[in-house]
Amino acid sequence: MVSDNATTISVIDFRRHSMVLQWHALGGTWTACDTPPQLVHGIALIRPSQPNICVYGQAGRLRLQVGPSQYALSENSPRIICARGLASFGFRRRFTVDSSTGGVLYSYAYWTTQHHDFFRWLATKAEDPDWRVTCGRQWSEGLAATALRSN
């Protein structure tokens with residue numbers, strides 16, 4: 001993994017596709033890269049008023065991090081859901097990360113936009129256990145930023 005220590009991971013920004021970030025896993029924070037590295041290991045969603053979210057590969061497995069909280073993504077756990085709200089005629093969604101024991105690890109309700117939806121993308125991809133395993137291996141080894149963006 002390309003990093004200055006075990007807790008700094010190079011990732012791409014979900015919204016600003018040309019931007020590469022240094023993700024600081026200890027606190028769920030980030031800094032911009034002055035010189036983008038050759039390989040990246042995940043994707044981050046940076047938000048000013050909510051916890052930052054990052055999905056990255058480490059030691060052959062995918063990890064989901066919401067703020068400082070980290071979760072290893074195994075075959076079926078945690079369960080990641082993005083559902084439309086009925087009362088809002090589908091214009092509001094709820095993103096939820098549920099533990100294997102049934103507890104809610106993270107929940108966030110938001111209004112849908114016409115732009116790419118990180119939460120829906122992640123929930124759709126995470127439903128596939130093969131995606132979790134394949135990306136866990138590939139992202140741990142690192143990919144060119146353009147290759148990761150095309151996924």
Side-chain angles (χ1 to χ4, degrees), residues 1-84 93-100 104-151:
M1 177 180 303
V2 178
S3 68
D4 55 358
N5 63 46
T7 62
T8 303
I9 301 121
S10 300
V11 300
I12 60 172
D13 185 305
F14 184 80
R15 291 187 179 138
R16 294 172 294 262
H17 297 285
S18 62
M19 187 171 191
V20 176
L21 311 170
Q22 290 296 325
W23 180 258
H24 305 287
L26 288 178
T29 60
W30 63 277
T31 54
C33 288
D34 292 331
T35 306
Q38 294 276 5
L39 302 175
V40 293
H41 303 277
I43 300 171
L45 177 67
I46 306 306
R47 303 177 297 165
S49 62
Q50 300 292 323
N52 298 315
I53 297 177
C54 188
V55 180
Y56 59 91
Q58 188 175 51
R61 298 186 70 187
L62 279 182
R63 299 191 63 78
L64 169 66
Q65 186 166 353
V66 180
S69 302
Q70 297 182 26
Y71 312 102
L73 297 181
S74 60
E75 186 175 338
N76 295 312
S77 179
R79 191 168 150 218
I80 300 172
I81 304 160
C82 187
R84 291 180 183 257
R93 289 194 177 128
R94 175 156 305 273
F95 175 79
T96 309
V97 180
D98 291 333
S99 74
S100 58
V104 175
L105 301 172
Y106 178 73
S107 182
Y108 174 66
Y110 64 100
W111 292 101
T112 60
T113 64
Q114 293 181 353
H115 302 296
H116 296 290
D117 184 343
F118 175 84
F119 300 108
R120 191 178 71 194
W121 169 83
L122 179 57
T124 301
K125 292 290 192 180
E127 286 177 352
D128 182 0
D130 291 334
W131 179 84
R132 291 182 187 214
V133 170
T134 301
C135 287
R137 277 191 239 121
Q138 289 177 343
W139 293 11
S140 292
E141 294 171 8
L143 293 169
T146 54
L148 188 57
R149 282 186 195 98
S150 68
N151 288 333

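For this chain, numbers begin at 1 and follow the sequence in order.
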Is any side-chain heavy atom of [Y] closer than 4.5 Å to one of [X]?
X      : Y      : value
Phe95  : Leu122 : yes
Leu105 : Ser69  : no
Tyr106 : Leu64  : no
Ile53  : Phe14  : no
Trp121 : Asp117 : no

*Quick one: do the Arg61 and Ser140 side chains pair a donor with an acceptor below 3.5 Å?*
no
*Could you tell me whether the side chains of Trp23 and Gln65 share a donor-acceptor contact shorter than 3.5 Å?*
yes
Check: [Y] main-chain N/O paired with [X] side-chain donor or acceptor under 3.5 Å:
X     : Y     : value
Arg63 : Tyr56 : no
His41 : Ser10 : no
Arg15 : Ile46 : yes
Arg93 : Arg84 : no

*Check against side-chain contact (heavy atoms from CB on, under 4.5 Å), Trp30 and Val11*: CA-CA 10 Å; Trp30 63 277; Val11 300; over 6 Å; no
*Looking at Phe118, is Arg47 sitting on its ring face, NZ or CZ under 6.0 Å from the six-membered ring centre and within 45 degrees of the normal?*
no
*Report the C-alpha distance between Arg94 and Thr96 in whole Å, list the side-chain angles of each, state the deciding distance to 0.1 Å, and finish with yes or no for side-chain contact (heavy atoms from CB on, under 4.5 Å).*
CA-CA 6 Å; Arg94 175 156 305 273; Thr96 309; 3.5 Å; yes
Any idea which heavy atoms bring [X] and [Y] closest together, and the distance?
X      : Y      : result
Ala25  : Ile9   : CB-CD1, 3.9 Å
Arg132 : Pro78  : NH2-O, 3.1 Å
Leu39  : Glu141 : CD1-O, 3.8 Å
Pro36  : Asp34  : CD-O, 3.8 Å
Val40  : Ala145 : CG2-CA, 3.8 Å
Gly28  : Asn52  : O-ND2, 3.3 Å

Supply the atom-to-atom distance [X] [atom1] to [Y] [atom2], rounded to the nearest 0.5 angstrom.
X     : Y      : atom1 : atom2 : result
Thr8  : Leu26  : OG1   : CG    : 8.0 Å
Leu45 : Gln50  : CG    : CD    : 10.0 Å
Met19 : Ile12  : CE    : CD1   : 12.0 Å
Asp13 : Cys54  : CG    : SG    : 10.0 Å
Ile81 : Thr124 : CD1   : OG1   : 12.0 Å
Thr31 : Leu21  : OG1   : CG    : 7.5 Å

_Please determine whether ring-ring contact (aromatic ring centres under 6.0 Å, His included) holds for the pair Phe119 and Tyr108, giving the CA-CA distance in whole Å, both sets of side-chain angles, and the decisive distance to 0.1 Å._
CA-CA 9 Å; Phe119 300 108; Tyr108 174 66; 5.3 Å; yes
